[in-house]
Every structure is written in C-alpha cells, then in structure tokens.
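Written below as structure tokens is the structure these notes are about.
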Amino acid sequence: MVIPPPVRPPRITQYLKPYVLRMHFTNKYVSAQVIHTPTATVASSASSQEKALRESLETKRDVAAAAKIGKILAERLLLKDIPAVSVHLKREQKYHGKVKAVIDSLRDAGVKLL
C-alpha cells in the first residue's frame with residue numbers, strides 16, 4: 001500500500017506582493033529595478049549606466065538623474081502592463097532625496113504604489 005504525501009498548505013508565494021521596486025545608489029550611478037517576487041525575476045529595470053541614457057543625463061548620480069530613472073522605469077512598466085508595484089526600502093534608505101525622486105516620478109507617470 002502506497003501512502004500519499006501529506007496535503008501541504010498553500011505556499012507563501014500566494015501572499016507575497018507580486019512586483020517589488022528596489023533601488024540602488026552608488027557614488028556614480030542610480031539604478032532601480034522591479035522584481036516579480038513569485039518567480040524571483042527582474043520584470044523591468046532602468047539605470048544611469050545604460051548607454052542610451054548617458055547622453056541625456058548631465059550627471060548620473062544626483063536627484064535629477066534619479067527622477068529621470070524613475071520616469072523611464074515607469075514607462076517601461078506601463079509598456080509591460082504592470083500597473084502597480086510595492087516599494088521595498090533598505091534599512092538605511094529613507095523617503096528623502098534620490099529615493100523620493102524615484103518614487104514620486106513613478107507615481108507621477110501613472111504607476112500605483114502599494
């Protein structure tokens with residue numbers, strides 16, 4: 001007689017927020033990416049290191065560059081039919097400066113924040 005495996009509760013992936021915004025700032029560059037948490041893949045990203053964006057940015061690390069990165073990321077998200085994201089801030093990140101510029105430009109471009 002074969003004993004069937006026990007019935008397991010639903011995985012935690014059903015309770016995760018599907019798309020999470022993560023930002024990374026260095027002394028030279030600004031980058032932001034949206035991660036699809038159930039599959040742990042990058043849904044969309046934008047960075048001031050991209051060759052197409054380098055010419056349009058005066059500096060690649062200030063608040064204006066962060067706002068431009070947020071606007072470009074929002075356009076890419078809306079093209080992929082991702083209307084809403086949740087924001088994941090690291091412990092040292094506060095809603096101020098570059099972080100605020102990225103989040104506000106996402107919101108202004110039409111992406112909802114959860």
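Keep in mind that the numbers below use all heavy atoms, side chains included, and drop hydrogens, waters and symmetry copies.
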Are [Y] and [X] linked, directly or through intermediate hydrophobic residues, by side-chain heavy-atom contacts shorter than 4.5 Å (ILVMFWY only)?
X	Y	result
L114	V102	no
L89	I35	no
L78	V87	yes
Y29	I72	no
V34	L79	no

Rounded to the nearest 0.5 Å, what separation is found between the [atom1] atom of [X] and the [atom2] atom of [Y]?
X	Y	atom1	atom2	answer
S86	K112	OG	NZ	14.5 Å
L106	K71	CG	NZ	12.5 Å
H36	Y19	NE2	OH	4.0 Å
K28	R61	NZ	CZ	9.5 Å
Q93	K100	CD	NZ	15.5 Å

Looking only at heavy atoms, what is the nearest atom pair of [X] and [Y], with distance?
X	Y	value
K98	A66	O-CB, 3.7 Å
S45	E50	O-OE2, 3.9 Å
K90	H24	NZ-ND1, 3.6 Å
S47	L53	O-CD1, 3.1 Å
I82	A43	CD1-CB, 3.9 Å
A65	L57	CA-CD2, 4.2 Å

Do [X] and [Y] make a side-chain contact, defined as non-hydrogen atoms from C-beta onward lying under 4.5 Å apart?
X	Y	result
S48	I69	yes
H88	L21	no
P83	V111	no

Check this for me, if you would: do K60 and E55 make a salt bridge, where the nitrogen-to-carboxylate-oxygen distance has to be below 4.0 angstrom?
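Salt bridge between K60 and E55, a charged N being under 4.0 Å from a carboxylate O: no.
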Only one of V20, L77, I103 forms a side chain to side chain contact (heavy atoms under 4.5 Å, CB included) with V85, so which one is it?
L77
Quick one: do M23 and V99 satisfy side chain to side chain contact (heavy atoms under 4.5 Å, CB included)? Show the steps, please.
CA-CA 8 Å; M23 296 167 280; V99 174; 3.8 Å; yes
Kindly determine whether D62 and T59 satisfy side chain to side chain donor-acceptor pair (under 3.5 Å), including the steps that lead there.
CA-CA 6 Å; D62 62 349; T59 61; 2.9 Å; yes
